[in-house]
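First listed ligand is number 1; within each ligand, the first listed atom is number 1. The figures here come from the full heavy-atom set of this structure, side chains too, leaving out hydrogens, waters and symmetry mates.
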Amino acid sequence: MFSSDDTIVALATPRGRGGLGVVRLSGVQAQEVAQALLGRATALEARRATVTTLMDGVGGRRRAIDEVVATLFPSPGSYTGEDVVEVSAHGSPVLLDRIVALAVAAGARLAEPGEFTFRAFLHGRLDLVQAEAVADLIEAVTPRQARVAFDQLEGTMTARIAALDEQLFDLMMRLEASLDFPEEGYHFITPAEVAEGIAVVRGKIEETLAEASQGRLVREGCQVVILGTPNVGKSSIFNALLGSSRSIVAGQPGTTRDLVTERLDVDGLAVTLVDSAGLRPATDLVEEEGVARARGAVGVASVALVVLDRSRAWSEAELQALREADEVPRVVAVNKVDLPAAWQPREFEGLDGLVVVEVSAATGEGLVRLRSALLQELGGGGPLRDSPAVANRRHAGLLEQAAAALGAAERSVAQGAAEEFVLADMARARTTFEELTGSRTPDQVLEQIFERFCIGK
Ligand code: GDP
């Protein structure tokens, strides 16, 4: 992967114009490189922001190009664990590019994406879960996502894993002691106690996993697809929902037969709303394409929002729309309640057992209730917790492996298998913990994780 014996440099702030731009250096030569760039004879003092000039050119042609603030964070107490120098200059792209180029000329190397955080991981400043949290925090698009990522960064998950690992380690030590001193005729731990201890740890892993689907929802966002027959008010509801929330990304325009998608923040969840042409029988080729796309959207949706028109008599087509989406949780919006009713939801046989909200896209009535109904369904029926411990597929996958290994250990104990077998299963569980926190993670996995970062992180 990355080499770590040289000194790296990169712009730490986004490219573009701003009040300030920060260039960061990290490595054994960071102080030396900074010294070559700065217009002061004395070395930087540790952890003291120093106003100085930044110099370009050599010898007699050397001149200041900006006034900057430079700060030295000496090893090992810096972000990366190495000597770090941060130079805050004015936020001009040409100036900042020049500073980076000067640092390279003075012996630094351009950092690869994620390399600063990788070095922090390498030097034990962060474990792998925390390094991943840095990327999540930077990429968060809703405040809730940011909060969950920060929790990971604070080490919530790390602490949980460490506690479980310790319990397993303790059980294994006692079991091994029983193996090592069989002639004493004394068991340091009885098989029943081993089984019980393992079950406790497995129970805790499963609890954590139970929160995982919610955590993933927060971290990865989710998709709500809007379905219904033509003219029931799908587009109107889509727009009304957008109107009452903050749109995160501008929508991709499409025709009515296309899928129009828009991302919004529904109480901290990044929800992608997909307004579809509906799943009606297609009458021409273009429409067929629209319907096919809508089917695809239902396939990946977390929730389908089925819209019905209360002002018009319903037909087989409405029932069909409801049935088409029955593989995902459904919320039914009974629309146009501002108009005289042609039917009542209780008369609609297809609605039994579904969440039904009466709304009017025209007047806004019921939209708040519709949003909270959607949120309820997205959150798996329960309220969303603020800090789910597992939000990441990699973490959930490894925890599942750990739970499976412990399940096998429990079965071995129950079947009276030799201690060695039980110990091997327990050791497998501990290996997955190590992979999770990064103390033993294949390089290839590390590469995948740090690839997600951008340069300067
Ligand atoms: P879509 O084909 O399902 O996307 O339906 P539209 O959103 O285009 O709406 C069809 C028609 O119904 C439009 O003329 C809307 O103005 C009207 N409409 C939508 N929602 C309401 C509502 O709540 N009340 C009333 N009175 N009209 C509505």
Side-chain angles (χ1 to χ4, degrees), residues 223-245 247 250-264 266 271-301 303-326 328-348 350-351 354-374 377:
Q223 203 167 80
V224 176
V225 61
I226 306 188
L227 299 172
T229 52
N231 289 318
V232 291
K234 294 181 300 297
S235 312
S236 307
I237 287 187
F238 180 82
N239 288 324
L241 283 172
L242 283 177
S244 55
S245 61
S247 164
Q252 302 146 2
T255 69
T256 47
R257 282 167 173 174
D258 220 344
L259 297 179
V260 183
T261 65
E262 189 94 32
R263 286 188 92 193
L264 60 148
V266 182
V271 174
T272 306
L273 265 181
V274 183
D275 180 12
S276 72
L279 296 171
R280 60 183 177 277
T283 52
D284 62 42
L285 270 178
V286 181
E287 201 163 86
E288 218 166 76
E289 174 63 21
V291 173
R293 286 191 203 180
R295 286 229 166 78
V298 174
V300 298
V303 167
L305 173 61
V306 184
V307 182
L308 301 174
D309 182 348
R310 204 192 62 172
S311 71
R312 234 172 35 186
W314 53 273
S315 66
E316 183 56 31
E318 266 82 28
L319 282 176
Q320 183 65 25
L322 268 174
R323 271 197 301 264
E324 288 280 5
D326 65 1
V328 288
R330 283 164 294 177
V331 171
V332 180
V334 172
N335 191 31
K336 307 197 189 179
V337 296
D338 57 301
L339 297 177
W343 50 272
Q344 292 299 331
R346 63 186 131 74
E347 303 160 11
F348 201 127
L351 297 184
L354 293 178
V355 184
V356 178
V357 186
E358 300 193 20
V359 299
S360 164
T363 66
E365 188 185 335
L367 283 175
V368 172
R369 262 177 295 131
L370 183 59
R371 277 165 72 81
S372 56
L374 285 173
E377 286 303 307

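Close N/O approach between Val359 and ligand 1 is not found [any backbone or side-chain N/O within under 3.5 Å]. At a 3.5 angstrom cut-off on N or O pairs, Ala361 counts as close to ligand 1.
Under a 3.5 Å cut-off, the side chain of Lys234 and the backbone N or O of Gly228 do form a donor-acceptor pair. The backbone N or O of Leu374 lies less than 3.5 Å from no partner atom in the side chain of Glu377, so there is not a single donor-acceptor pair. Of the possible polar contacts, none joining the Lys336 side chain to the Ala341 backbone as a donor-acceptor pair under 3.5 Å is found.
A 6.0 Å sphere centred on CZ of Arg323 holds more than 12 heavy atoms belonging to other residues, nucleotides or ligands.
At a 4.0 Å heavy-atom cut-off, ligand 1 touches Val232 through backbone and side chain alike.
Side-chain contact between Gln223 and Val328: absent, with no pair of heavy atoms (C-beta onward) separated by less than 4.5 Å. When side chains are defined from C-beta on, Val232 does not count as touching Trp314, because their heavy atoms never get closer than 4.5 Å.
Under the side chain to side chain contact (heavy atoms under 4.5 Å, CB included) rule, Val331 has a single partner from Leu354, Val306, Val303, Val307, which is Val303.
Remark: ligand 1 atoms within the under-4.0 Å shell around heavy atoms of Ala362 are 22 (C), 23 (O), 24 (N), 25 (C). Listed by atom number, the atoms of ligand 1 under 4.0 Å from Leu339 heavy atoms are 26 (N). Those atoms of ligand 1 that come under 4.0 Å of a heavy atom in Ser236, given as number and element, are 6 (P), 7 (O), 9 (O), 15 (C), 19 (C), 20 (N).
Distance from atom 1 (P) of ligand 1 to its nearest protein heavy atom, with residue and atom name: Lys234 N, 3.4 Å. Atom 2 (O) of ligand 1 has as its closest protein heavy atom Asn231 N, 2.8 Å. The shortest contact between atom 5 (O) of ligand 1 and any protein heavy atom is with Gly233 N, 3.0 Å. Looking at atom 20 (N) of ligand 1, its nearest protein heavy atom turns out to be Asn335 ND2, 3.1 Å. Here the protein heavy atom with the shortest distance to atom 18 (N) of ligand 1 is Lys336 CE, 3.6 Å. Of all protein heavy atoms, the one closest to atom 25 (C) of ligand 1 is Asp338 OD2, 3.5 Å.
Of all non-hydrogen atoms in Arg310 and Leu339, the two that sit nearest each other are NH2-O, 3.4 Å. When every heavy atom of Asn335 is checked against every heavy atom of Gly233, the shortest pair comes out as ND2-CA, 3.6 Å.
Atom 14 (O) of ligand 1 lies below 4.0 Å from none of the non-hydrogen atoms of the protein.
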